[in-house]
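Everything below concerns the one structure shown next.
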There are 2 protein chains.
Amino acid sequence: MKRVTTEDVAKIAGVSQSTVSRVLNDYPYIKKNTRDKVLAVINELGFTRDEIARSLVEKRTKSIGLILGSISNPFFAETAEVIIERAQELKYDVIVYNTGHKDENLEQAINLLIGKRVEGIILTSVSKNYTEKIKKLHDNGFPVLLYNSFLDIKDVNFIVMDNNKGARLAVQHLIKLGHKKIAKISGPSKYLATYERTVGYKEEMMENGYEIDEGLIFNSEFSYDKIYSFTKKLLKKKDRPTAIIAASDQMALAVLDAASSLNLKIPADLSVVGFDNIRLSANEFIGLTTISQQMDQMSLTALEKLIYLIENKETSSSSIQIFLKPELMVRKTTGPAPVQD
Amino acid sequence: MKRVTTEDVAKIAGVSQSTVSRVLNDYPYIKKNTRDKVLAVINELGFTRDEIARSLVEKRTKSIGLILGSISNPFFAETAEVIIERAQELKYDVIVYNTGHKDENLEQAINLLIGKRVEGIILTSVSKNYTEKIKKLHDNGFPVLLYNSFLDIKDVNFIVMDNNKGARLAVQHLIKLGHKKIAKISGPSKYLATYERTVGYKEEMMENGYEIDEGLIFNSEFSYDKIYSFTKKLLKKKDRPTAIIAASDQMALAVLDAASSLNLKIPADLSVVGFDNIRLSANEFIGLTTISQQMDQMSLTALEKLIYLIENKETSSSSIQIFLKPELMVRKTTGPAPVQD
DNA sequence: CTGAAAGCGCTTACAG
DNA sequence: CTGAAAGCGCTTACAG
């Protein structure tokens, strides 16, 4: 399939290549007659402008990068949908990278995206190992924005929930229900958002007079299988916890999976709280109690702030650091602590 | 942030721009000395090759398009993850478009992607209204491949499950459990894959001596809310069905949602079968009986066949049309038909 | 209103 | 081994 160029169109329409380009760009002063002629030829030949060539001269690609941990996790799928759809409306396309939560992949994704000359990047699941890398991009004036992820420096844009507060809400809810042995399942603490949830959990537990049992805390990989087997082992113990707070709804689902495989009844035998408020958690068949991250707002804001940064490079000065308020959504997976026997 | 070019590197390294390009492309015959010098400058300046400019001359973008109905549907999220990850391994990046199951968006997405000079497109959720459009691309030698979607012509590449057979498996399973009133929830029949499921359902019902009750068949939009309210209305009737076959696991989840809101017990009061076998359906807390589409194989094959088409444009002659075998996964949402009262 | 020409940042024959 | 030059397909001052 030989590509049709503006040159080809020009020749057939009997005008210059620049004229073809002008009608493509809706220049004013073009005689209606020649415009019509050119348009006709464009149509006839099935010409499609080469945006690659255009990007080269315009120094704009109208595309952005979206780097996320794992799009099969509904939190990422649902937020990605909001981002992609809104980007489309604004005429940007989005190149998606899936890191599988691997640091090397994150670094590689950023480099490839920069090579492809995306105009900005939205990132999630950024570990603090990448603080320097992100800071450098930011300092160079390259639009980057994290969501559900943050770094402990001034020179970075992010939008996150108040994670500490969110964890406290979960703990308070469970304590009110009479739970004393509450486990916490989190990802690796190099992810600060996850780390904050663990901190909030510990602080709230201690402030309520409970001791921290490190055996009840899982702080390892973002892996369904790992979480599933940790939970199973935990729940097989004689003195098992009566409640578990997971650091995401996806993790909560793994916990429910493990608990159900042990024939534990939810919430009679075990209460479970998630984080995120993915759509599924509101499903009446499931009814997952969770901490809402206001996912739609988070992702929509992420996209719009990034586009703002792209289109106002000069004026933007200070960093964008937004904290969303967490909200406890009580549903069916939490209930009164079982009477100890 | 002024971009660094090969010209800049050349000047500082004291060589010509072509030499810089050569070290970038790992040309053999370059004196180790000059290569090292260039590499040092590249490093020092933080140079990243402009892939846009490169694409223009190479006439290759190393990127593909992925157009899907709705990435928040786990079927698409999980298959997209396989496709994106495998594409990354093969050094292709993927631009994702979300059509929201709107025909206009599909058309627009294809045009934009072609403008961006992607080398091939993977499509899902293609309605038969787009038969001509897809055929034209195919005939022009442009690599396109559909998955979980097909068109009734020779000149199109696709990979789908045997949908008629899949629906029959679901019906057989329910009939064996004693169900007589079985409802079917599908998407619009302009999507042939969905249509085939309805056909298989009808055929199997009739072959088993049951009459088709059109009131038990939903053939409208792919909308969670629509399906939810249709189901709710259906289940409120005195002579409600004892089983429902949904055309996807996502739809089955909507059915379960509606049934639970009516306090129906699953499967005691209602059996539910889905299609897809998303990961969640195997979760013991949910245990959705479903027809497996072999999602991983389907999506991996889709990506690899597309890349094959891209990299062997000349040799490829006949169309790729692959049918995967459906498999019934019996879990917890189906059980014996309740005794009628 | 419209054409000829330069230039975006690369790759790659063509010479030497 | 390496440089000068053409060219990929566009956009846009510069003239007229």
Gap separating the [atom1] atom of [X] from the [atom2] atom of [Y], nearest 0.5 angstrom:
X	Y	atom1	atom2	result
A/I83	A/L303	CD1	CG	6.0 Å
B/K11	B/S16	NZ	OG	12.5 Å
B/Y97	B/Q108	OH	CD	7.0 Å

To the nearest Å, give me how far apart [atom1] ([X]) and [atom2] ([N]) are.
X	N	atom1	atom2	result
B/L56	D/dG9	CG	C1'	5 Å
B/I52	D/dG7	CD1	P	23 Å
B/E51	C/dT11	CD	C1'	12 Å
B/R54	C/dT11	CZ	P	6 Å

(message) Check this one for me: any side-chain N or O of B/T6 less than 4.0 Å away from OP1 or OP2 of C/dC10?
(response)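 So the side-chain polar atoms of B/T6 do come within 4.0 Å of the phosphate oxygens OP1 or OP2 of C/dC10, strictly under.
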
(message) With a 4.0 Å limit, can you tell me whether A/K59 has a side-chain N or O closer than that to the phosphate oxygens OP1/OP2 of D/dT11?
(response)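 It does not, given that no N or O in the side chain of A/K59 lies less than 4.0 Å from OP1 or OP2 of D/dT11.
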
(request) Quick one: label B/T34 by what it contacts on the DNA or RNA (base, sugar-phosphate, nothing), any heavy atom closer than 4.0 Å. (result)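 Sugar-phosphate contact only - B/T34 comes under 4.0 Å of backbone atoms but never of a base.
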
(request) Determine which pairs satisfy side-chain hydrogen bond (donor to acceptor under 3.5 Å, both in side chains) with at least one residue from residues 36-48 of chain A, sequence neighbours left out, and list them in order. (result)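 Every side-chain hydrogen bond (donor to acceptor under 3.5 Å, both in side chains) pair that includes a residue of residues 36-48 of chain A, provided the two are not neighbours, is A/K32-A/D36.
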
(message) Please give me every residue in residues 41-50 of chain B whose heavy atoms get under 4.0 Å of an atom in DNA chain C, ordered by residue number.
(response)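 Residues of residues 41-50 of chain B under 4.0 Å from DNA chain C: B/F47, B/R49, B/D50.
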
(message) Give the residues of residues 23-33 of chain A touching DNA chain C, defined as any heavy atom closer than 4.0 Å, sorted by residue number.
(response)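 Under 4.0 Å from DNA chain C: A/Y29, A/I30, A/K31.
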
(message) Using the side-chain contact (heavy atoms from CB on, under 4.5 Å) criterion, which residues pair with B/D155? Sequence neighbours excluded.
(response)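 For B/D155 the side-chain contact (heavy atoms from CB on, under 4.5 Å) partners, ignoring immediate neighbours, are B/K135, B/H138, B/D139.
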
(request) Toss me the dot-bracket line for DNA chain C: Watson-Crick and G-U wobble, both under 3.5 Å, 5' to 3', using | for pairs to another strand and [ ] for crossers. (result) |||.||||||||.|||

(request) Scan residues 56-67 of chain B for pairs that pass salt bridge (charged side-chain N to carboxylate O under 4.0 Å, His left out), counting only residues two or more places apart or in two chains. (result)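 The answer is B/R54-B/E58, B/R60-B/E119.
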
(request) With sequence neighbours excluded, give me every salt bridge (charged side-chain N to carboxylate O under 4.0 Å, His left out) pair touching residues 95-109 of chain A. (result)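 Pairs touching residues 95-109 of chain A that pass the test: A/D103-A/K190, A/E107-A/K133.
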
(request) Tell me yes or no: between the side chains of A/S18 and A/S21, is some donor less than 3.5 Å from an acceptor? (result)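 No donor-acceptor contact under 3.5 Å links the two side chains.
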
(request) Tell me, please, which residues at least two apart from B/T6 pass side chain to side chain donor-acceptor pair (under 3.5 Å). (result)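 Partners of B/T6 under the side chain to side chain donor-acceptor pair (under 3.5 Å) test: B/Q17.
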
(request) Tell me, please, which residues at least two apart from A/F323 pass ring-ring contact (aromatic ring centres under 6.0 Å, His included). (result)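 For A/F323, the residues satisfying ring-ring contact (aromatic ring centres under 6.0 Å, His included) (neighbours in sequence not counted) are A/F158.
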
(request) Quick one: list whatever passes ring-ring contact (aromatic ring centres under 6.0 Å, His included) with B/H101, sequence neighbours left out. (result)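 For B/H101 the ring-ring contact (aromatic ring centres under 6.0 Å, His included) partners, ignoring immediate neighbours, are B/F222.
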
All N/O donor-acceptor pairs, side-chain side in residues 295-302 of chain A, below 3.5 Å, sequence neighbours left out:
unit_1, atom_1, unit_2, atom_2, d
A/S299, OG, A/M295, O, 2.7
A/S299, OG, A/D296, O, 3.2
A/T301, OG1, A/Q297, O, 2.6

Which atoms of nucleotides 3-6 of chain C (N or O only) lie under 3.5 Å from a protein N or O atom, and what are those distances?
unit_1, atom_1, unit_2, atom_2, d
C/dG3, OP2, A/S16, N, 3.0
C/dG3, OP2, A/S16, OG, 2.8
C/dG3, OP2, A/T19, OG1, 2.4
C/dG3, N7, A/R22, NH1, 3.3
C/dG3, O6, A/R22, NH2, 2.4
C/dA4, N7, A/S18, OG, 3.2
C/dA4, N6, A/S18, OG, 3.2

(message) Between B/D93 and A/K116, does any side-chain N to carboxylate O distance fall below 4.0 Å?
(response)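 Salt bridge flag = yes for A/K116 with B/D93.
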
